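Each remark here refers to the structure printed beneath this line.
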Amino acid sequence: MENIALATIILPMLLGSMILAGLWALTWLMPGEPKSGKGAELVAAPAYGPDYVRLSTKRHTAYRTGLMVLLGLAVLTIVEFILAPLNSAALMFVIMILKAAVIMSYFMHMATVWRNEEAH
Amino acid sequence: MSAIADSYQDLTRRNRMGMWLFFLSEAFLFGGLLVARFFLWGNTRPSMEPTMIGPLAVSYQIIPLLITVVLLLSSFSMNRAETAIAHDDRPTFLRFTLLTALLGTLFLLGVLVFEWGWRMEEGNFVLGRHISPTDGVYGAVIYGMTGMHALHVLSGVIMLLLLWNLGRKGHFSAREHWGVEATAIYWHYVDLVWVFFYPAIYLIGVGVHAAAH
């Protein structure tokens with residue numbers, strides 16, 4: 001009985017909290033606005049044609065956000081795969097919902113549905 | 001800001017709302033399949049034989065993990081394409097749109113060839129490497145869920161190719177790229193559905209033997 005409680009309630013809650021903390025750290029690492037100061041200006045991107053524009057700091061930040069989200073999703077997928085033998089549906093659902101929330105907020109720009117201005 | 005720009009923004013806002021309502025209706029379809037899985041399988045899942053890739057016997061759980069990674073990468077690639085056009089970076093947009101279509105096709109091949117085991121035998125298409133659609137509730141649910149999802153991936157790949165072709169001809173800009181945004185969020189929605197389907201089919205529950213006939 002104790003094992004069931006451990007596998008279905010305590011472990012998912014513990015792991016869910018850890019993942020939430022990790023995601024919070026991830027969002028902290030992903031600045032919405034470009035950093036100021038030394039090193040803020042980026043070097044020119046390689047030229048692919050005459051109309052190719054230089055990478056702006058804002059665009060670089062947007063690219064970096066996408067990469068960080070990918071890393072977060074990859075980590076969650078690996079955690080999901082490794083923890084599957086625990087046979088805890090609750091734990092799997094916690095990870096599924098976290099992944100879904102990340103995809104909806106960062107990739108699908110859910111917040112823009114209620115906003116007037118452009119998202120990017 | 002011009003009146004035309006204002007109206008385009010208003011239109012985009014309404015389009016976004018419409019798109020999310022479409023996703024809501026799709027959620028009932030995929031949600032129904034997910035409920036069917038939990039109702040029919042309970043706390044079990046089919047445990048299948050390893051996949052033979054040449055001389056190597058690969059655990060049946062590895063292939064779904066690999067195709068999941070491919071879909072995840074395609075979502076990242078789509079996001080980069082969308083971000084690129086939003087910043088008027090057309091070459092990157094075109095490159096990553098094509099890459100996304102390629103990864104989507106790879107995902108489809110992974111499902112059709114390795115998961116479904118679709119192959120030619122004596123001039124006929126044969127289905128069922130691990131499990132066939134007629135293998136009771138396990139076969140029916142697996143093919144129902146993966147089939148409906150694969151159909152959405154296929155339509156997404158077609159949309160991506162159309163998008164790439166339009167982008168190649170000079171359509172879309174940082175200011176006006178609703179077509180790109182709509183395709184991108186549709187693609188991410190397909191990924192979102194797989195986020196729920198993958199563990200539901202391959203990870204949750206106790207493995208029970210359900211081999212193909």
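First the proteins, then the strands, lettered A, B, ... as listed; each starts at 1. What you see is a predicted model, and the numbers here were worked out from it, not measured in a lab.
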Intermediate values then yes/no, side-chain contact (heavy atoms from CB on, under 4.5 Å), A:N87 and B:N43: CA-CA 9 Å; A:N87 195 24; B:N43 194 31; 3.7 Å; yes

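- Distance alone, capped at 3.5 Å, places no donor-acceptor pair between the B:R80 side chain and the A:G66 backbone.
- Taking all atoms of both residues into account, the shortest heavy-atom contact from A:M108 to B:I185 is O-CG2, 3.4 Å.
- Taking CG of A:L70 as the start and OG of B:S75 as the end, the distance is 9.0 Å to the nearest 0.5 Å.
- Here the side chains of B:Y198 and A:E80 are in contact, with some heavy-atom distance below 4.5 Å.
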Any chance you could lay out the side-chain contact (heavy atoms from CB on, under 4.5 Å) test for B:W20 and A:M110, step after step, and finish with the verdict? CA-CA 9 Å; B:W20 278 93; A:M110 199 181 183; 3.6 Å; yes

Apply side-chain contact (heavy atoms from CB on, under 4.5 Å) to A:Y63 and B:T92, showing your working. CA-CA 11 Å; A:Y63 283 162; B:T92 307; 3.7 Å; yes

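- Across B:E82, B:R16, B:E181, B:H188, a single residue satisfies side chain to side chain donor-acceptor pair (under 3.5 Å) together with A:H109, and that is B:E82.
- Contact between A:A89 and B:I204 at its shortest, heavy atoms only, is CB-CG2, 4.1 Å.
- The structure places CZ of B:F196 at 6.0 Å from CD1 of A:I97, a figure rounded to the nearest 0.5 Å.
- Within the model, atoms CE of A:M104 and CZ of B:F23 stand 11.0 Å from one another, a figure rounded to the nearest 0.5 Å.
- Residue A:I103 touches chain B through its side chain alone, counting heavy-atom pairs closer than 4.5 Å.
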Take A:I78 and B:L65 through the side-chain contact (heavy atoms from CB on, under 4.5 Å) test and state the conclusion after the steps. CA-CA 9 Å; A:I78 292 164; B:L65 179 68; 6.0 Å; no

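- Partners of B:T97 under the side-chain hydrogen bond (donor to acceptor under 3.5 Å, both in side chains) rule, at least two apart in sequence or in another chain, do not exist in this structure.
- Taking each heavy atom of A:Y106 and B:N79 in turn, the nearest pair found is O-ND2, 4.3 Å.
- When heavy atoms are compared at a cutoff of 4.5 Å, B:T68 approaches chain A solely by way of its side chain, counted from C-beta outward.
- Listed here is the closest heavy atom pair of A:K99 and B:V195: CB-CG1, 3.7 Å.
- The ring of A:F107 has its center no closer than 6.0 angstrom to the ring center of B:Y186.
- Distance check, rounded to the nearest 0.5 Å: CG of B:L72 to CG of A:L71 gives 10.0 Å.
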